[in-house]
Amino acid sequence: MTEMMLDIKGLSVGYARKGLALEDVSLSVPKGSVVALLGANGAGKTTLIRAVTGLLPLHHGHIVQGRVDFLGQSILGMPTHRLVRMGMSQVPEGRMVFKQLSVEENLNVAAAILPRSAARERMEVVYTLFPQLKERRRQAAGWLSGGEQQMLALGRALVAGPRLLLVDELSLGLAPLIVEAIYEQLRVVGDTFETAMLLVEQNAPLACEFASTAYVLDRGRIALSGPADEVAASEIVKELYLGAKREAANPSRRSGAVETEVRP
């Protein structure tokens, strides 16, 4: 049997006074694989990441039912710092670098759990992947371009040498050439270190080109899953994304409480 790095079974998640955000979601990330999680705004992608990383309580969310296993061990209720020590790292949506700290100080924050020699070795790995960061290692992160901040956010997640990397909306707000360059480095990470990845993206074609398996979330439920190339070509994905774009172009057609507009 294929060893599962992350295994989610029948997960339902709710928020106070807002009802269910996820309902009976099952998803798995095999060891060394790249899995894409697709969906428009409001589909539940961020909620799923919060459930996996232990951050739901900070957003007044709670697990209604289901289980989340990491490396064969249940992690529901486990604090985030323990998950990092187990080998899970996250690249959050919006980058969220420490803007007043230098590039190297940002990396040092993530390297705090490592012995000094290992921390230096991992930082050199990051600098090799992203030479721009090494050139700007003494510069405050707030002065970096958006693409460089995304590189720093990714580098910060990689410093700890994760076995599972959760990447949330990596392409958001970045120029296509920058996104392509960052994805190429992600590919190097996967090939070199056999790091498994759960890739949360609105850019379905890009994510499916990179991943081997894809899941589509629609209004809190898994609408489709399978080989990434087949998912990308499916009518469900075309309708979900093209329909969302049509609504964005014609606001008068929108109805219901679920936001499905795809950001530009």
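Just so you know, these numbers come straight off a predicted model, no measurement behind them.
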J.: Locate the shortest heavy-atom distance separating Ser225 from Tyr215; write the atom from each residue and the value.
T.: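 That closest heavy-atom pairing would be CB-CD2, 3.4 Å.
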
J.: Tell me whether Lys45 contacts the main-chain N or O of Ala40 through its side chain, where contact means a donor paired with an acceptor under 3.5 Å.
T.: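 Flag set: sc Lys45 to bb Ala40 pair under 3.5 Å.
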
J.: When rounded to the nearest 0.5 angstrom, what is the spacing between OG1 in Thr47 and CG in Leu55?
T.: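 Thr47 atom OG1 to Leu55 atom CG measures 11.5 Å (nearest 0.5 Å).
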
J.: Just how far is it from atom CG of Asn108 to atom CG of Leu101, taken to the nearest 0.5 Å?
T.: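 Going from the CG atom of Asn108 to the CG atom of Leu101 covers 9.5 Å.
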
J.: Using a cut-off of 6.0 Å, state whether more than 12 heavy atoms not belonging to His60 lie near its atom NE2.
T.: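 Incorrect, the count does not exceed 12.
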
J.: Ignoring hydrogens and angles, tell me if any N or O in the side chain of Arg122 forms a donor-acceptor pair with the backbone of Leu158 under 3.5 Å.
T.: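 Yes; judged by distance alone, with no hydrogens or angles, the pair exists.
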
J.: State, to 0.1 Å, how close Met4 and Ser28 come at their nearest heavy-atom pair, and which atoms those are.
T.: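 Closest approach of Met4 to Ser28, heavy atoms only: SD-CB, 3.6 Å.
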
J.: So which heavy atom on Met88 is nearest to which on Thr53, and how close?
T.: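 Closest approach of Met88 to Thr53: SD-CG2, 4.2 Å.
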
J.: Please round to the nearest 0.5 Å and tell me the distance separating atom CD1 of Ile8 and atom CG of Leu27.
T.: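 The CD1 atom of Ile8 sits 5.0 Å away from the CG atom of Leu27.
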
J.: If I take atom CD1 from residue Ile49 and atom CG from residue Leu56, how far apart are they, to the nearest 0.5 angstrom?
T.: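 Between atom CD1 of Ile49 and atom CG of Leu56 there are 11.0 Å.
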
J.: Does Glu194, at its CD atom, have more than 12 non-hydrogen atoms belonging to other residues, nucleotides or ligands within less than 6.0 Å?
T.: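 No, CD of Glu194 has 12 or fewer neighbouring heavy atoms, counting only those of other groups under 6.0 Å.
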
J.: Applying side-chain hydrogen bond (donor to acceptor under 3.5 Å, both in side chains) as the test, list every pair that has at least one member in residues 77-91; sequence neighbours left out.
T.: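 Every candidate side-chain hydrogen bond (donor to acceptor under 3.5 Å, both in side chains) pair involving residues 77-91 fails, so no pair, neighbours aside, qualifies.
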
J.: Once you round to the nearest 0.5 Å, how far does NZ of Lys9 lie from CG of Asp24?
T.: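 Rounded to the nearest 0.5 Å, the NZ-CG separation comes to 11.0 Å.
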
J.: Give a yes or no on whether Glu121 atom CD has more than 12 heavy-atom contacts from other residues, nucleotides or ligands under 6.0 Å away.
T.: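 Open: at most 12 neighbouring heavy atoms sit under 6.0 Å from CD of Glu121.
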
J.: For a quick test of reading the model, state the closest non-hydrogen atom pair linking Ala111 to Ala119 and the distance between them.
T.: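 Nearest pair, atom of Ala111 first, then Ala119: CB-CB, 3.7 Å.
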
